[in-house]
Protein chains: 2
Amino acid sequence: MAEALTAEHILTTTEDVLRRYGPAKATVVDVARALGVSHGSVYRHFPTKAALREAVTERWLEQAHAGLKEIAESDAPAPEKLRSWLQALFDAKRKKALGDPELFATFEVLAKENSDVVAEHVREMVEQVAAIVGDQRTAQAVFNATERFHNPVHAADWVEDDVQDKFDAVCDLVIAGLEAS
Amino acid sequence: MAEALTAEHILTTTEDVLRRYGPAKATVVDVARALGVSHGSVYRHFPTKAALREAVTERWLEQAHAGLKEIAESDAPAPEKLRSWLQALFDAKRKKALGDPELFATFEVLAKENSDVVAEHVREMVEQVAAIVGDQRTAQAVFNATERFHNPVHAADWVEDDVQDKFDAVCDLVIAGLEAS
DNA sequence: CGACTGACAGATTTCAATATCTGTCAGTCC
DNA sequence: GGACTGACAGATATTGAAATCTGTCAGTCG
């Protein structure tokens, strides 16, 4: 570790440690050890363990949903655009949940710990839907109606072999509802 | 306890014990003690502790959703009927969750333990929706779209003072979608 | 001076012993 | 005979002492 110790560097290492030890056992001392510094140094960059984990949560959410904004801002017709935005969100979540279940479980714990960070992120997601459907209340309704396909608490259901069809059915219903109004 | 020991009697007492001690600490010995019999007697009626708790779960689900069937079988027009069925389901759940949060938490634990019982119950609920909307796939979609307002994992959100409005928004969207098809 | 260390107090977690519980069954009692 | 008991083996939970962790800060080092 000849490099200067940066917040960025600590975050990356914390992710590694979380991946390796899991959310229950990963300690600040572990992170410091992995960085080759004393744990006091970590506390110069993050005031508490909770703040460190919160920062990790923010980063994860950010990169997990990269690419959605582009879809929301593309100029396809609203119904198709909404469908592909929702599908992209579902695909991203599902891929994470099924690809590395242990890491996903770790993320779930962090997400529960930092529900305010998650809430803010959800707010941004709904904002993107509002940009597609044009109306805040409807956007919230669309987001809520598809909760089963993006909220991690339902991840266990995403292995069913007919999830995609269930997703399509809800999408069909929601989009039909939008076009009716 | 001059009365004969019946399965029914054991179930009622088990509910009491669960209410008093919570799901983690309630034991078969506690139930037997409350009944004034030895725990061996309880095992004459239920093969395992798990079976006993499963039976309690079934009873709870049953009585929690009493009255829904009547709405599903009434002869109001489909859209209103669907709305009042969904509203009745939401009201029942919300009342339980807010009225006695501790008991509801106990129920949540039992529900997780006995997910197959819950799954069967959900199947019946979807059946009732299908009787209203006429089609299985759509019924499933309606049920999934309103998940946020009946699945206990979302109970924490039911205290928000705008839940009812969020519920109405989803209902509006879903019902508009139904009428469009 | 400012990045970093390491020893420290109090809080939290781990671990192993002890106690309790689950499920069985031979035996009691009406 | 059939409902019930209570002692038992193995599994699970509780407890309290010891180990580790969190967060602080006076002090080192370049």
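Excluded from the calculations below are hydrogen atoms, water molecules and symmetry mates; all remaining heavy atoms, backbone and side chain alike, are included. Below, read A as the first sequence line, B as the second, and so on, with proteins coming before strands; counting in each chain starts at 1. Here the structure is a predicted model, which is why all the values come from computation and not from measurement.
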Discussion item. If I compare all heavy atoms of B:Ala155 with all of B:Ala97, which pair ends up nearest, and what's the gap?
Written reply: CB-CB, 4.3 Å
Discussion item. Less than 3.5 Å apart, any donor N or O on the side chain of B:Gln164 or B:Gln87 sitting next to an acceptor on the other?
Written reply: yes
Discussion item. Using a heavy-atom cut-off of 4.0 Å across all strands, would you classify B:Ser38 as base, sugar-phosphate, or nothing?
Written reply: base
Worksheet item: Under 4.0 Å between a Lys/Arg side-chain N and an Asp/Glu carboxylate O for B:Glu160 and B:Lys166?
Response: yes
Practice prompt. Using heavy atoms and a sub-4.0 Å distance, could you list which residues of residues 10-23 of chain B are near DNA chain C? By number, please.
Written response: none
Discussion item. Atom NZ of residue position B:Lys69 - does it have more than 12 heavy atoms of other residues, nucleotides or ligands inside 6.0 Å?
Written reply: no
Worksheet, complete the sentence: To the nearest angstrom, the CG-P distance between B:Asp30 and C:dT22 comes to 8 Å
Worksheet entry | Those residues of residues 41-48 of chain B lying under 4.0 Å from DNA chain C by at least one heavy atom | B:Tyr43, B:Thr48
Practice prompt. Applying salt bridge (Lys or Arg N to Asp or Glu O under 4.0 Å), run through B:Arg59 and B:Glu8 and close with a yes or a no.
Written response: CA-CA 10 Å; B:Arg59 261 182 35 152; B:Glu8 214 39 39; 2.5 Å; yes
Response to the item:
DNA chain C nearest-nucleotide lookup for A:Ala24 and B:Ala26: closer to the 5′ end is A:Ala24
Discussion item. From C-beta outward on A:Val29, which listed nucleotide comes closest to its side chain: C:dT14, D:dC21, C:dC21?
Written reply: D:dC21
Item to complete: Could you note down all residue pairs passing ring pair (Phe, Tyr, Trp, His ring centres under 6.0 Å) where residues 40-78 of chain B supplies at least one of them, sequence neighbours left out?
Response: B:Trp60-B:Phe107, B:His65-B:His121
Worksheet item: Can you tell me if CD on A:Glu102 sees more than 12 non-hydrogen neighbours from other groups inside 6.0 Å?
Response: no
Worksheet item: Expressed in angstrom and rounded to an integer, what is the separation of B:His39 atom NE2 from D:dA3 atom C1'?
Response: 16 Å
Worksheet, complete the sentence: With the side chain defined as heavy atoms from C-beta on, A:Lys49 is closest, among D:dG23, D:dC21, C:dT5, to D:dG23
Discussion item. Of the listed nucleotides (C:dC21, D:dT22, D:dC4), which one gets closest to any side-chain atom of B:Leu5?
Written reply: D:dC4
Item to complete: Indicate whether any N or O donor in one side chain lies under 3.5 Å from an N or O acceptor in the other, for B:Thr27 and B:Asp30.
Response: yes
Discussion item. If I take atom CG in residue A:Leu35 and atom P in nucleotide C:dT5, what distance separates them, rounded to the nearest angstrom?
Written reply: 10 Å
Worksheet item: Roughly, in whole Å, what's the span from CZ in A:Arg33 to C1' in C:dG6?
Response: 15 Å
Discussion item. Please determine whether residues B:Val126 and B:Leu178 belong to a single hydrophobic cluster, defined as Ile, Leu, Val, Met, Phe, Trp and Tyr linked transitively by side-chain heavy-atom distances below 4.5 Å.
Written reply: yes
